[in-house]
Amino acid sequence: MSAGRRPSREEEDDVVQAVDSVLVAGRGPMACAVIRACGRLGVKAVAVYSEAERDARHVRMADESVLLGPAPATESYLDVRRLVEAARRTRVDAVLPVPPALAGNARLAAAVADAGLGWIGPEAGVLERLGGDGVEPASERGFLAWVSAEGLHHVTPVLRDRAGGTPRVSWTPPDGLGSLPAAARRLPELGWRGLVTVGIDPGGELAEVAAGFSLDIAVLERAHGLDAVALALGSASGAPAGSLPDAAEGPPYAGLAVQLRSTLPPGTAGRVTGRLPDVVAADRRPTGDAELVAVSGYDAGDRLDGWYDALLATVSAAGPDAASAARAAMELLVGLPETGVPHDGAAVCGVLQRIAGALVPDCT
């Protein structure tokens, strides 16, 4: 099947049929994206939450939810014992860790396996050998891929804008990144399975390796017309690479991902009063048109708690080139109403303007 075609519901169901239910370990927009994909795939999604987020959007979207503990992340979202107990109590088939901080946690992976539950990602021993410290890759260059025993698939080069620290925008460079680092090419033989996000240092060597749904993973999804959740669940079911969408010589589309973050001072709470970007992926992308997907972590009226990451929403786009994808994302951000909390949309649009290479409206 063509790498540029989104797999049908039947094809994805064949891949994930061994997993009927998962504990989605995470929160915010990324957890919302994973839960939405699980619903489309017919997989029961169990959300977790802290006392501060009893009515969070990811909780409302899930089929079932479990309280982990107090507001501090170390006592709830990042607590290995509480996560494993939640998975046992709800009798899910597997734990699906969302952020690299959890997906790269070797101790959590081992505890899940010891409990007799499925772990969707690289095994604990692999994470230990490869330094699975759970960092979100921030190198200016890198790549994304899905890894099987047969090799690297859907390899997607990525550039990241690092202005202001955390990258706001990542996209596929028009000319690729050249050859992959030798250490990255060895990931399959080292036992890595599932999604991977890699950072490459200025000297061309491997700098970071992250499991799970990094903030860049949407670039792979848009560039190849794929569902990263279906790929991750396919790894857990032991599906051979041949049963999944074929890899191409390069991404058939240019992909781009944007993070919209609150600029409230750290630890400061707020309340979302307006609509944030939220656009469901179409089943099919019209030939030649841009595809746009957005996932909000909050609805109007939701409280933005000062305990956690300030990510409000993610926006990703694909088109025949990076400029087209950037323009599609910018059009959505320009049309945002008042949200009730300050955000970095104007700075994001400044990056998108540079990628688009044209004078277009900003987000102010």
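For reference, positions follow the sequence shown, starting with 1. No experiment lies behind these values; they were computed from the predicted model shown.
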Legend entry - Qualifying side-chain hydrogen bond (donor to acceptor under 3.5 Å, both in side chains) pairs with a residue from residues 309-319, counting only residues at least two apart or across chains: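 Of all non-adjacent pairs touching residues 309-319, those that pass side-chain hydrogen bond (donor to acceptor under 3.5 Å, both in side chains) are Arg222-Ser316, Arg261-Asp309.
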Inset, instruction - Sorted by first residue and then second, give each side-chain hydrogen bond (donor to acceptor under 3.5 Å, both in side chains) pair with at least one member in residues 28-38; sequence neighbours left out. - result: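 As it turns out, the side-chain hydrogen bond (donor to acceptor under 3.5 Å, both in side chains) pairs with a partner in residues 28-38, which skip direct neighbours, are Arg36-Asp278.
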Inset, instruction - Kindly say whether Leu231 contributes a backbone atom to a donor-acceptor pair with the side chain of Trp146 at under 3.5 angstrom? - result: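 Looks like yes, one N/O pair under 3.5 Å.
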For [X], which residues count as a salt bridge (charged side-chain N to carboxylate O under 4.0 Å, His left out) partner, sequence neighbours excluded?
| X | answer |
| --- | --- |
| Arg60 | Asp55, Asp299, Asp302 |
| Arg303 | Asp305 |
| Glu64 | Lys44 |
| Arg82 | Asp79 |

Inset, instruction - Check side chain to side chain donor-acceptor pair (under 3.5 Å) between Ser76 and all other residues, then give those that pass, not counting sequence neighbours. - result: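 Ser76 satisfies side chain to side chain donor-acceptor pair (under 3.5 Å) with no residue once adjacent residues are dropped.
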Inset, instruction - Just jot down the side chain to side chain donor-acceptor pair (under 3.5 Å) partners of Glu208, sequence neighbours excluded, or say none. - result: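 If we apply the side chain to side chain donor-acceptor pair (under 3.5 Å) test to Glu208, skipping adjacent residues, the hits are Ser139.
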Legend entry - Glu51: side chain to side chain contact (heavy atoms under 4.5 Å, CB included) partners, not counting sequence neighbours: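 By the side chain to side chain contact (heavy atoms under 4.5 Å, CB included) rule, Glu51 matches Arg54, Leu67, Pro70.
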Inset, instruction - Verify the neighbour count for atom CD of Glu123: are there more than 12 heavy atoms of other residues, nucleotides or ligands below 6.0 Å? - result: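 At most 12 heavy atoms, drawn from other residues, nucleotides or ligands, come within 6.0 Å of this atom.
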Legend entry - CZ/Arg107: more than 12 non-hydrogen atoms of other groups inside 6.0 Å: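 Not more than 12 within 6.0 Å, no.
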Legend entry - Inter- and intrachain pairs under ring pair (Phe, Tyr, Trp, His ring centres under 6.0 Å), touching residues 24-65, at least two apart: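 For residues 24-65, and leaving out neighbouring residues, there are no ring pair (Phe, Tyr, Trp, His ring centres under 6.0 Å) pairs at all.
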Legend entry - Tyr77: partners by ring pair (Phe, Tyr, Trp, His ring centres under 6.0 Å), with sequence neighbours left out: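 Partners of Tyr77 by the ring pair (Phe, Tyr, Trp, His ring centres under 6.0 Å) criterion, ordered by chain and then number, come out as Tyr308.
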Legend entry - salt bridge (Lys or Arg N to Asp or Glu O under 4.0 Å) contacts in which one or both residues fall within residues 185-198, not counting sequence neighbours: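 Every salt bridge (Lys or Arg N to Asp or Glu O under 4.0 Å) pair that includes a residue of residues 185-198, provided the two are not neighbours, is Arg186-Glu189.
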